[in-house]
Amino acid sequence: MTTLKAHALMAACALIGFFSVSAQAQQASAAPVAAAQATPPLNLAPGFVSLPKGATLALMPVDVELYVLSAGGVAEPKADWTEAAVKHVNVALQESAARFGATLSHVADEDADGWGEVSALHAALANAMAIHHLGLESLRLPTKQGKLDWSLREAVAPIREKTQADYALFVWVRDSYASDERRAAMVAFALLGVGLIGGMQVGYASLVDLRTGQVMWFNKLLSATGDLRTAEPARASVKALLANFPSAPDAAK
């Protein structure tokens with residue numbers, strides 16, 4: 001998948017719904033794409049280079065959902081898959097975060113439920129950043145002047161008050177997998193010269209300054225492969241999503 005097609009797919013996902021089957025989506029390549037290639041300063045806020053020494057980082061509950069695609073391409077939620085994926089992503093995230101050079105602050109499950117609106121707000125903001133900042137140049141907002149200038153503002157104040165952390169890391173992932181019926185349809189249509197999309201993995205990660213709500217770092221992942229239902233592939237996806245994370249200068253490698 002070329003970068004252009006990957007970005008076009010992201011724009012289409014936002015406009016018609018993540019799992020809608022569109023002409024653009026059907027033309028997406030089956031090759032894996034980790035859209036974690038953005039390099040500073042594109043995915044860093046102006047003037048931000050890395051986490052400061054001694055910073056405290058709150059790991060927010062991951063927002064992960066998995067689906068199976070029916071023969072007609074309808075996405076159906078899979079609770080057991082999602083449960084496994086949340087577990088694997090959390091473990092992989094903990095392993096990665098341990099190397100960020102920051103003191104980790106863990107959000108308790110009972111607190112996470114009260115921050116559902118903040119997580120939803122982050123998902124909306126991340127989708128906008130994926131399209132209008134890391135997406136096609138024609139979709140970028142002139143007022144941003146190519147800078148990562150996005151904020152959750154005062155919505156994150158309760159997180160700072162509760163955790164006393166300096167920053168928060170938000171992770172959002174949606175992953176779908178073709179059912180046996182969908183794979184059969186893909187083969188049948190391929191014989192007719194028509195391409196049907198299979199599963200797709202889309203993820204966003206944001207580092208947010210809890211004092212200001214400003215997004216200091218942002219990255220996205222887009223892949224036609226990967227499997228969050230098992231530990232090792234989930235670890236690989238998290239690694240790609242956190243590529244170029246601005247760890248503290250003295251962080252362990």
Side-chain angles (χ1 to χ4, degrees), residues 18-19 36 51 55-67 75 77-130 150-176 201-221 226-231 233-243 245-247:
F18 177 64
F19 290 111
L51 284 172
T56 302
L57 176 65
L59 299 179
M60 299 301 294
V62 297
D63 185 350
V64 177
E65 291 183 8
L66 270 61
Y67 302 81
K78 293 285 291 183
D80 54 337
W81 291 359
T82 295
E83 183 179 359
V86 168
K87 175 183 176 181
H88 297 315
V89 170
N90 271 321
V91 170
L93 182 60
Q94 294 279 354
E95 294 173 351
S96 298
R99 297 188 292 273
F100 289 166
T103 300
L104 303 182
S105 175
H106 302 280
V107 176
D109 291 339
E110 57 268 23
D111 295 327
D113 292 338
W115 292 336
E117 291 185 4
V118 180
S119 295
L121 180 60
H122 165 259
L125 184 68
N127 190 55
M129 289 189 291
W150 304 77
S151 178
L152 290 172
R153 300 187 184 279
E154 63 276 1
V156 299
I159 300 175
R160 177 166 173 76
E161 182 179 350
K162 185 71 177 181
T163 66
Q164 297 300 303
D166 301 308
Y167 299 87
L169 179 62
F170 291 84
V171 171
W172 180 99
V173 183
R174 295 295 181 269
D175 204 357
S176 60
Q201 189 176 94
V202 177
Y204 306 135
S206 304
L207 176 67
V208 178
D209 188 330
L210 293 179
R211 293 160 294 191
T212 63
Q214 182 77 19
V215 176
M216 309 307 294
W217 168 86
F218 174 71
N219 213 9
K220 68 178 182 180
L221 171 71
D227 192 342
L228 296 181
R229 298 170 296 183
T230 51
R235 186 175 288 111
S237 292
V238 170
K239 181 179 180 180
L241 185 57
L242 297 179
F245 186 87
S247 300

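Note that these values count all heavy atoms, side chains included, but never hydrogens, waters or copies made by symmetry.
Val173 has its side chain out of reach of Val89: every pair of non-hydrogen atoms, C-beta onward, lies at least 4.5 Å apart. Counting only heavy atoms from C-beta outward, the side chains of Glu65 and Asp175 never approach each other to under 4.5 Å.
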For residues 150-159, dump all side-chain donor-acceptor pairs below 3.5 Å to protein atoms at least two apart in sequence or in another chain.
from, atom 1, to, atom 2, distance (Å)
Ser151, OG, Arg153, N, 2.9
Ser151, OG, Gly213, O, 3.1

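How far CG of Leu221 is from NZ of Lys239: 13.5 Å, rounded to the nearest 0.5 Å. Atom-to-atom distance recorded for Leu242:CG and Trp217:CH2 is 5.0 Å, nearest 0.5 angstrom. Note: Lys87 NZ to Thr82 OG1 = 15.0 Å, rounded to the nearest 0.5 Å. A distance of 10.5 Å separates CG in Leu66 from NZ in Lys78, rounded to the nearest 0.5 Å. Thr56 OG1 to Gln164 CD: the interatomic distance, rounded to the nearest 0.5 Å, is 9.0 Å. Here OH of Tyr167 is found 11.0 Å from CD of Gln214. Values are rounded to the nearest 0.5 Å.
Ring geometry for Phe218 against Tyr204 counts as tilted: the plane angle lies between 30° and 60°, on a 0 to 90° scale.
In Glu95, the CD atom is crowded: over 12 heavy atoms of neighbouring residues, nucleotides or ligands sit closer than 6.0 Å.
Across every non-hydrogen atom of Gln201 and Ser237, the tightest pair is OE1-OG, 2.8 Å. Among all heavy-atom pairs drawn from Ser247 and Arg99, the shortest one is OG-O, 3.7 Å. The minimum heavy-atom distance linking Ala92 with Arg235 is given by the pair CB-CA, 3.8 Å. When every heavy atom of Gln94 is checked against every heavy atom of Leu104, the shortest pair comes out as OE1-CD1, 4.5 Å.
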Working for side chain to side chain contact (heavy atoms under 4.5 Å, CB included), residues Val118 and Phe170: CA-CA 10 Å; Val118 180; Phe170 291 84; 4.0 Å; yes
Worked verdict on Ser96 versus Val238 for side chain to side chain contact (heavy atoms under 4.5 Å, CB included): CA-CA 8 Å; Ser96 298; Val238 170; 4.1 Å; yes
Chi angles and distances behind the side chain to side chain contact (heavy atoms under 4.5 Å, CB included) call for Phe245, Leu51: CA-CA 9 Å; Phe245 186 87; Leu51 284 172; 3.8 Å; yes
Candidate pair Val171 and Leu241, rule side chain to side chain contact (heavy atoms under 4.5 Å, CB included), full reasoning: CA-CA 9 Å; Val171 171; Leu241 185 57; 3.9 Å; yes
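Leu57 pairs in a side-chain contact (heavy atoms from CB on, under 4.5 Å) with only one of the listed residues (Thr163, Leu210, Leu169), which is Leu169.
Using modelled atom types, no side-chain atom of Asp209 and backbone atom of Met216 make a donor-acceptor pair closer than 3.5 Å. With hydrogens and angles ignored, the 3.5 Å screen pairs a side-chain donor or acceptor of Asn90 with a backbone N or O of Val86.
Considering only residues two or more places apart in sequence or on other chains, Asp63 meets the side chain to side chain donor-acceptor pair (under 3.5 Å) condition with Arg174. Contacts of His88 classified as side chain to side chain donor-acceptor pair (under 3.5 Å), with partners at least two apart in sequence or in another chain: none.
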